[in-house]
Amino acid sequence: AERLMSKGTPIYFTDAGQTADEYIEEFMKHTSRPQDYTIVTSDNRLAWAVRQRQGRSISIREFKKMLDRICHKKQNPKT
């Protein structure tokens, strides 16, 4: 897979014929520290596969709430 960086965030492009879910599962299978990764997905099968490898998964809804809280704190630092 090809990897690019955007503002410090890695962006991966899978090879032809490979889905993003397949790439994520393979990555989690081969990384030495899966607990260092959080996968954002609302796909229950993928979330389960990530957790089976000791990774963390959160839903898109949870991720959005987390981003909203961060943005709110930046806009209102005293609240």
**Request:** Decide whether L46 and Y23 are clustered together by the hydrophobic rule: side chain heavy atoms of Ile, Leu, Val, Met, Phe, Trp, Tyr closer than 4.5 Å, transitively.
**Result:** yes
**Prompt:** Transitively linked via ILVMFWY side-chain contacts under 4.5 Å: V40 with V50?
**Reply:**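 Not linked; separate clusters.
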How close do [X] and [Y] get, counting heavy atoms only, and between which atoms?
X   : Y   : answer
E22 : G17 : OE1-O, 3.8 Å
T41 : D43 : OG1-N, 3.0 Å
L4  : E2  : CD2-OE2, 3.9 Å

**Fill in**
Those residues at least two apart in sequence (or on a different chain) that pass side-chain contact (heavy atoms from CB on, under 4.5 Å) with S6 are I11
**Item:** Qualifying residues under side-chain contact (heavy atoms from CB on, under 4.5 Å), relative to Y37, sequence neighbours excluded
**Value:**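 Y37: side-chain contact (heavy atoms from CB on, under 4.5 Å) contacts with F27, M28, T31.
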The criterion is side-chain hydrogen bond (donor to acceptor under 3.5 Å, both in side chains); which residues satisfy it with [X], sequence neighbours excluded?
X   : result
R45 : E25
R61 : none
N44 : none

Under the salt bridge (charged side-chain N to carboxylate O under 4.0 Å, His left out) test, which residues partner [X], sequence neighbours left out?
X   : answer
R33 : D36
K65 : none
E26 : K29

**Message:** Any non-hydrogen side-chain atom of K64 less than 4.5 Å from a side-chain atom of D68?
**Reply:** yes
**Asked** Can you pull the ring pair (Phe, Tyr, Trp, His ring centres under 6.0 Å) pairs that have at least one residue in residues 49-71, sequence neighbours excluded?
**Response**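 Qualifying pairs: none.
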**Prompt:** Going by the ring pair (Phe, Tyr, Trp, His ring centres under 6.0 Å) test, which pairs reach into residues 38-59, not counting sequence neighbours?
**Reply:**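 Output for this query is empty, none listed.
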**Prompt:** How many angstroms lie between atom CD1 of I60 and atom CG of L67, to the nearest 0.5 angstrom?
**Reply:**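 Here the rounded value is 11.5 Å.
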**Request:** Hey, could you give me each pair passing side chain to side chain donor-acceptor pair (under 3.5 Å) that has a residue in residues 50-59? Not counting sequence neighbours.
**Result:** R51-S57, S59-E62
